[in-house]
Amino acid sequence: MQELVLVQPGRTVGDELAHEAALADTRREFEERLAECGPLAYRVARGVLRNTADAEDVAQEALLRAYRRFDRLRDHNRFRAWLVRIAFRLALDRLRSGKRRELRDTLWSQPEHHPPAANAEDVAASNEFQAHLDRALAELPEKLRLILLLAAMEGHTIDEIAATLGISTGTVKSRIFYARRQLAEKLRCHAKLIKTR
Amino acid sequence: MPCKTYKNALIETAASGAEPQGDLRAHLAGCADCRAAFEQERSLFASIDAGLHVTANAEVPASLLPRLRARLGEESAPRRIWASNWLVLASAAVMVVAIFAARAVWRTNVIQQPVVKEVKATVPPHVTVTPQNHDPAVEPLVKKDDVSKHRLAIANNQPVHETPVGRKTMPEVLVPHDSGVFTSILCFWLRSLTRPF
């Protein structure tokens with residue numbers, strides 16, 4: 001049976017086939033990056049939203065948006081940075097909408113979301129301190145929050161963060177320093193929680 | 001309580017994660033309060049880092065990538081079977097014309113048949129028309145040759161023998177049953193071509 005293709009007005013069948021081939025190439029290239037960048041988008045979103053379901057939705061949306069505009073990205077090596085910005089922006093929008101705030105808080109307070117850890121991580125993973133930390137993190141300026149999240153992600157060096165965000169390594173270091181200091185200022189009153197655990 | 005002189009230095013050293021140097025190091029060696037405060041600051045920053053690590057490295061849901069791939073499949077699935085553009089338009093145009101033609105032929109047959117019977121029943125086969133009893137309403141049904149004869153007779157003040165009005169009927173052609181619609185359409189087109197404007 002002869003295979004026919006959908007043709008848009010003003011296009012010939014040859015143009016259409018070339019377009020289809022280009023789409024297939026785009027999708028192949030995008031899927032190659034998906035295994036690496038999918039978790040990145042999810043973690044950025046989760047760092048902002050603190051909720052698994054919302055973060056997954058936002059990551060999906062960010063990745064789909066990136067896919068739709070992938071051919072417009074001139075330098076595909078900047079894909080990670082681009083995706084991080086999309087995911088971060090979408091997560092902030094979702095957070096501001098506040099539609100699921102109550103559900104998010106409820107889910108976050110459930111202890112099974114925190115993996116077991118040892119020593120200092122054990123202390124930090126305690127629900128109460130973690131809740132204070134996330135609240136303090138949410139109050140940070142956006143650029144400090146994003147840089148802290150990226151710095152805390154496994155496998156991200158200062159140089160990579162600088163390259164991702166298009167800023168100097170010195171700026172990255174200073175922002176991390178100020179962000180941690182601001183967090184410490186907000187959490188110092190909860191330092192007893194650390195001592196008692 | 002730490003000594004006021006060294007308080008900021010304590011915090012900044014703890015925030016940077018570096019070991020105390022110079023005067024601070026010497027002071028910490030001799031001041032138990034500052035040493036305790038320094039340890040507390042270091043513990044706070046370690047907890048912050050551990051909490052950030054937990055937040056930023058959340059386990060990615062297993063459904064993220066499969067769901068995304070499914071949505072990507074939906075995004076890039078325009079391969080419906082269609083003919084080329086002009087062929088679709090031409091087919092649609094032929095269909096529309098055929099529908100209207102069939103409808104027009106049907107309506108013509110339905111309307112003309114009773115009129116013919118009625119005229120045959122009411123009008124006598126030969127009517128003598130004089131200038132006094134000429135009915136203009138009958139004139140559209142009269143042939144052009146008859147009209148000329150009629151006008152000539154009127155001009156010569158002579159009686160005119162009118163042709164039977166009701167004899168103008170549709171020709172009938174016997175065709176196979178399966179080509180009836182096609183023949184109807186063909187007749188309609190031929191009539192529309194020969195019809196005076």
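No hydrogens, no waters, no symmetry mates; every other heavy atom, side chains included, goes into these values. Keep in mind the model is a prediction, meaning the values are calculated, not measured. So you know, we letter chains A, B, ... as the sequences are listed, proteins then strands, and number each from 1.
The distance from the CZ atom of R67(B) to the CG atom of L63(A) is 11.5 Å, given to the nearest 0.5 Å. S47(B) OG to H132(A) NE2: the interatomic distance, rounded to the nearest 0.5 Å, is 12.5 Å. One distance of note links CD1 of I48(B) with NZ of K186(A); it measures 11.5 Å at 0.5 Å rounding.
In this structure, R180(A) and S16(B) approach most closely via the heavy-atom pair NH1-N, 4.3 Å.
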request  = Mind running side-chain contact (heavy atoms from CB on, under 4.5 Å) on Q40(B) and R188(A) for me, showing each step along the way?
outcome  = CA-CA 9 Å; Q40(B) 190 174 340; R188(A) 192 162 284 123; 5.7 Å; no
query = Passes side-chain hydrogen bond (donor to acceptor under 3.5 Å, both in side chains), T52(A) versus E59(B)? Steps please.
reply = CA-CA 9 Å; T52(A) 305; E59(B) 194 176 343; over 6 Å; no
key: Check against side-chain contact (heavy atoms from CB on, under 4.5 Å), H53(B) and M153(A)   = CA-CA 6 Å; H53(B) 188 267; M153(A) 281 181 198; over 6 Å; no
message = Please evaluate residues L68(B) and Y67(A) with respect to the criterion side-chain contact (heavy atoms from CB on, under 4.5 Å), reporting the C-alpha separation (whole Å), side-chain torsions for both, the decisive distance (0.1 Å), and the verdict.
response = CA-CA 11 Å; L68(B) 183 66; Y67(A) 173 69; over 6 Å; no
inquiry  = Walk me through whether R46(A) and V60(B) qualify under side-chain contact (heavy atoms from CB on, under 4.5 Å).
reply    = CA-CA 10 Å; R46(A) 193 177 184 279; V60(B) 179; over 6 Å; no
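Hydrophobic clustering (side-chain heavy atoms under 4.5 Å, transitive across Ile, Leu, Val, Met, Phe, Trp, Tyr) groups I158(A) together with V44(A). Under the 4.5 Å side-chain contact rule for hydrophobic residues, Y6(B) and F45(B) do not share a cluster. Criterion: ILVMFWY side-chain heavy atoms under 4.5 Å apart, direct or through other members. Under it, F38(B) and L44(B) are not part of a common hydrophobic cluster. In the hydrophobic clustering of this structure, F177(A) does not group with L144(A); members are Ile, Leu, Val, Met, Phe, Trp, Tyr whose side-chain heavy atoms approach within less than 4.5 Å, directly or through other members. No continuous path of hydrophobic side-chain contacts links I99(B) to F182(B) [ILVMFWY only; heavy atoms under 4.5 Å].
With a 4.5 Å cut-off on non-hydrogen atoms, L137(A) touches chain B through its side chain but not through its backbone.
For R25(B), the CZ atom is loosely surrounded, since the number of other residues' heavy atoms within 6.0 Å does not exceed 12. Remark: R103(B) CZ is loosely packed, at most 12 non-hydrogen atoms of other residues, nucleotides or ligands lying under 6.0 Å away. By the 6.0 Å contact criterion, OH on Y178(A) is open, its count of non-hydrogen atoms from other residues, nucleotides or ligands being 12 or less. Sparse packing is recorded around CZ of F100(B), with 12 or fewer heavy atoms of other residues, nucleotides or ligands lying under 6.0 Å away.
Residues from residues 162-173 of chain A never place a non-hydrogen atom less than 4.5 Å from a non-hydrogen atom of chain B.
A donor-acceptor distance shorter than 3.5 angstrom exists from the side chain of Q130(A) to the backbone of G51(B), with no hydrogens or angles considered. The backbone N or O of L64(B) lies less than 3.5 Å from a partner atom in the side chain of Q60(A), making a donor-acceptor pair.
Using a 4.5 Å heavy-atom cutoff, the side chains of T55(B) and R43(A) are not in contact. With a 4.5 Å cut-off on side-chain heavy atoms, L72(B) and L34(A) count as touching.
Ranking L65(B), I11(B), L52(B) against chain A, the residue ahead of the rest is L52(B), based on heavy-atom pairs under 4.5 Å.
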